> 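Before anything else, here's the structure in question.
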Protein chains: 2
Amino acid sequence: MSRTVVVPVIRELARCYQAFQRVSDANIRRFGLTPPQFDVVVTLGNTPGMSFKELGNRTLITKGTLTGVVDRLAARGLVERLACPDDGRSTLVRLTEAGERMFGQVFEPHLAYLAPAFESIPAGERKELEARLRQLREALERQCNDDASPD
Amino acid sequence: MSRTVVVPVIRELARCYQAFQRVSDANIRRFGLTPPQFDVVVTLGNTPGMSFKELGNRTLITKGTLTGVVDRLAARGLVERLACPDDGRSTLVRLTEAGERMFGQVFEPHLAYLAPAFESIPAGERKELEARLRQLREALERQCNDDASPD
DNA sequence: TATTGTTATACTCTATAACTATA
DNA sequence: TATAGTTATAGAGTATAACAATA
């Protein structure tokens with residue numbers, strides 16, 4: 001059975017990410033952000049802003065939900081909406097100055113917090129992990145596209 | 001800077017799992033289950049049942065939330081509660097017959113659905129990925145324990 | 001007609017903490 | 001006192017679909 005071949009790696013992926021999430025999310029909440037809010041702030045960091053469409057694609061948040069997430073960040077003064085000059089249908093979102101400050105307070109410290117676990121893996125094996133993850137992601141994205149456009 | 005060393009692998013882990021989730025969750029919802037509900041059904045499958053405590057540990061769902069998730073599954077007749085004979089404080093949860101049927105309809109098909117992406121990776125590299133993920137998970141779990149009990 | 005983002009609805013999940021009943 | 005699970009509360013995210021404005 002070819003199926004049994006993939007079970008261990010699927011299980012390990014799920015368990016590993018679960019462990020990652022447990023560590024990461026607990027730290028994110030200490031910053032006073034929810035995981036989706038953190039995702040948006042970090043995605044907007046070091047960019048001139050982007051449309052809802054692009055922000056949604058990058059964060060995996062669908063448009064209806066994204067409106068709410070951006071609303072809550074905007075209510076706290078961390079992001080702002082701008083009309084898109086090129087396309088009247090489109091709205092750009094970008095960090096405000098306060099949002100940039102939040103990004104600065106949050107991004108590096110979060111990486112520093114996560115780093116020890118990743119640094120405990122020897123460099124060669126870390127590179128190996130990175131390469132395999134990329135390989136798997138590309139395979140998953142192909143499948144995703146196949147589902148979306150089944151000719 | 002040691003920090004920059006870990007950024008790529010963290011990013012790749014996040015992006016890979018994001019791709020996995022996009023594919024997996026879409027399929028799970030076709031079964032009429034939410035991801036946490038699927039998690040519970042799959043965790044209970046092929047077991048004689050377990051306590052809320054154990055179920056919560058395995059699924060990463062905290063106790064207050066788990067009560068609600070189990071309530072909704074119980075309302076659909078998929079799981080049932082039993083008094084624990086050994087400990088009067090504890091409640092066991094297990095799949096009903098309908099729940100077992102749901103498990104059967106859901107578990108294998110879901111694996112079969114995911115399999116192609118994983119099978120596209122050569123066996124040796126798949127084993128490599130599995131080993132590296134285990135290594136990372138163990139490191140993350142150590143960190144998690146350190147946080148929980150900082151002496 | 002198609003696309004971008006918003007709105008509306010209804011539900012699920014989540015964190016948090018107080019509560020009960022057992023141990 | 002500690003633990004297992006429930007209840008209560010409030011908020012956040014989610015799917016889904018209808019909608020307005022623009023392309």
Side-chain angles (χ1 to χ4, degrees), chain A residues 18 21-41 43 49-76 78-94 148-149, chain B residues 18 21-41 43 49-76 78-94 148-149:
Chain A
Q18 203 180 47
Q21 206 168 25
R22 183 176 254 150
V23 172
S24 174
D25 285 9
N27 195 52
I28 285 170
R29 290 193 181 277
R30 280 186 208 117
F31 298 132
L33 295 172
T34 65
Q37 288 168 3
F38 179 85
D39 206 358
V40 166
V41 168
T43 302
M50 63 190 72
S51 69
F52 269 81
K53 183 180 172 60
E54 184 172 356
L55 186 55
N57 282 338
R58 293 210 199 177
T59 58
L60 251 197
I61 302 174
T62 54
K63 59 182 182 176
T65 303
L66 190 56
T67 296
V69 175
V70 167
D71 281 349
R72 284 180 282 275
L73 288 171
R76 291 170 60 183
L78 297 175
V79 304
E80 59 190 353
R81 289 173 163 89
L82 288 90
C84 176
D86 305 336
D87 186 334
R89 297 169 301 182
S90 193
T91 307
L92 302 180
V93 196
R94 74 170 177 209
S149 55
Chain B
Q18 203 179 46
Q21 206 168 26
R22 183 176 254 150
V23 173
S24 174
D25 286 8
N27 194 52
I28 284 170
R29 290 193 181 277
R30 278 186 211 119
F31 298 132
L33 295 172
T34 65
Q37 288 168 2
F38 178 84
D39 205 359
V40 166
V41 168
T43 302
M50 64 189 73
S51 69
F52 269 82
K53 183 180 173 59
E54 185 171 357
L55 186 56
N57 283 337
R58 292 210 198 178
T59 57
L60 250 197
I61 303 173
T62 54
K63 59 182 182 177
T65 303
L66 191 54
T67 296
V69 175
V70 168
D71 281 349
R72 285 180 282 275
L73 288 172
R76 291 170 60 183
L78 297 174
V79 304
E80 59 190 353
R81 289 173 162 89
L82 289 90
C84 176
D86 305 338
D87 186 334
R89 297 169 301 182
S90 192
T91 308
L92 302 180
V93 195
R94 74 171 177 209
S149 54

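The structure displayed is predicted, hence computed values, not measured ones.
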> What is the distance from CG of B/Asp25 to C1' of D/dG13, rounded to the nearest Å?
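Going from B/Asp25 (CG) to D/dG13 (C1'), I get 13 Å.
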> What is the distance, rounded to the nearest whole Å, between atom CG of A/Asn57 and atom C1' of C/dT3?
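Nearest whole value for this atom pair: 13 Å.
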> Take atom CD of B/Glu54 and atom P of D/dG5, then tell me their distance rounded to the nearest Å.
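So the two atoms are 10 Å apart, to the nearest Å.
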> Base, sugar-phosphate alone, or nothing: which one does A/Thr91 contact when heavy atoms must sit under 4.0 Å apart?
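Sugar-phosphate, no base atom in range.
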> Only distances under 3.5 Å count here; give the side-chain donor-acceptor pairs of residues 61-75 of chain B to other protein atoms, sequence neighbours excluded, each with its distance to 0.1 Å.
residue : atom : partner : partner atom : Å
B/Thr67 : OG1  : B/Lys63 : O            : 3.3
B/Asp71 : OD1  : B/Arg81 : NH1          : 3.1
B/Asp71 : OD1  : B/Arg81 : NH2          : 2.9

> Tell me, for nucleotides 9-23 of chain C in 5' to 3' order, what letter each nucleotide earns: B for a base near a protein heavy atom under 4.0 Å, S for only sugar-phosphate near one, - for neither?
---SSBS------BS
> About how many Å separate CZ of A/Phe52 and CG of A/Asn57, when rounded to the nearest 0.5 Å?
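Nearest 0.5 Å value for the CG-CZ distance: 13.0 Å.
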> Could you give the CD-to-P distance, from A/Gln21 to D/dG13, as a whole number of Å?
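Checked: the CD to P distance equals 14 Å.
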> If you measure from CG on A/Asn27 to CZ on A/Phe38, what distance do you get to the nearest 0.5 Å?
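Interatomic distance, A/Asn27 CG to A/Phe38 CZ, rounded to 0.5 Å: 8.0 Å.
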> For A/Gln21, what residues pass the side-chain hydrogen bond (donor to acceptor under 3.5 Å, both in side chains) criterion, not counting sequence neighbours?
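A/Gln21 satisfies side-chain hydrogen bond (donor to acceptor under 3.5 Å, both in side chains) with no residue once adjacent residues are dropped.
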> Can you tell me the distance, in whole Å, between the CG atom of A/Asp39 and the P atom of D/dA12?
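Rounded to whole Å, this separation is 17 Å.
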> Quick one: pull up CG in B/Leu33 and CD1 in B/Ile28 and give me the separation to the nearest 0.5 Å.
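Reported value, rounded in 0.5 Å steps: 8.0 Å.
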> Send over the distance from A/Leu66 CG to C/dT4 C1', rounded to a whole Å.
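From A/Leu66 CG to C/dT4 C1': 12 Å.
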> Looking only at side-chain N and O atoms, does B/Arg81 come under 4.0 Å of OP1 or OP2 in D/dT6?
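For B/Arg81, the contact criterion (side-chain N or O under 4.0 Å from OP1 or OP2 of D/dT6) is met.
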> Expressed in angstrom and rounded to an integer, what is the separation of A/Asp71 atom CG from D/dG13 atom C1'?
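Value for this atom pair: 13 Å.
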> Taking only side-chain nitrogens and oxygens of A/Ser90, does any of them come within less than 4.0 Å of OP1 or OP2 of C/dT4?
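Answer no for this pair, as no side-chain N or O of A/Ser90 is under 4.0 Å from OP1 or OP2.
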> Less than 4.5 Å apart, any side-chain heavy atom of A/Leu60 and any of B/Arg22?
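Contact flag for A/Leu60/B/Arg22 side chains = yes.
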> Measuring from A/Glu54:CD to A/Ser90:OG, what's the distance to the nearest 0.5 Å?
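One gets 9.5 Å once the value is rounded to the nearest 0.5 Å.
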> Can you measure B/Arg22 atom CZ to D/dT14 atom C1' for me and round it to whole angstrom units?
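From B/Arg22 CZ to D/dT14 C1': 15 Å.
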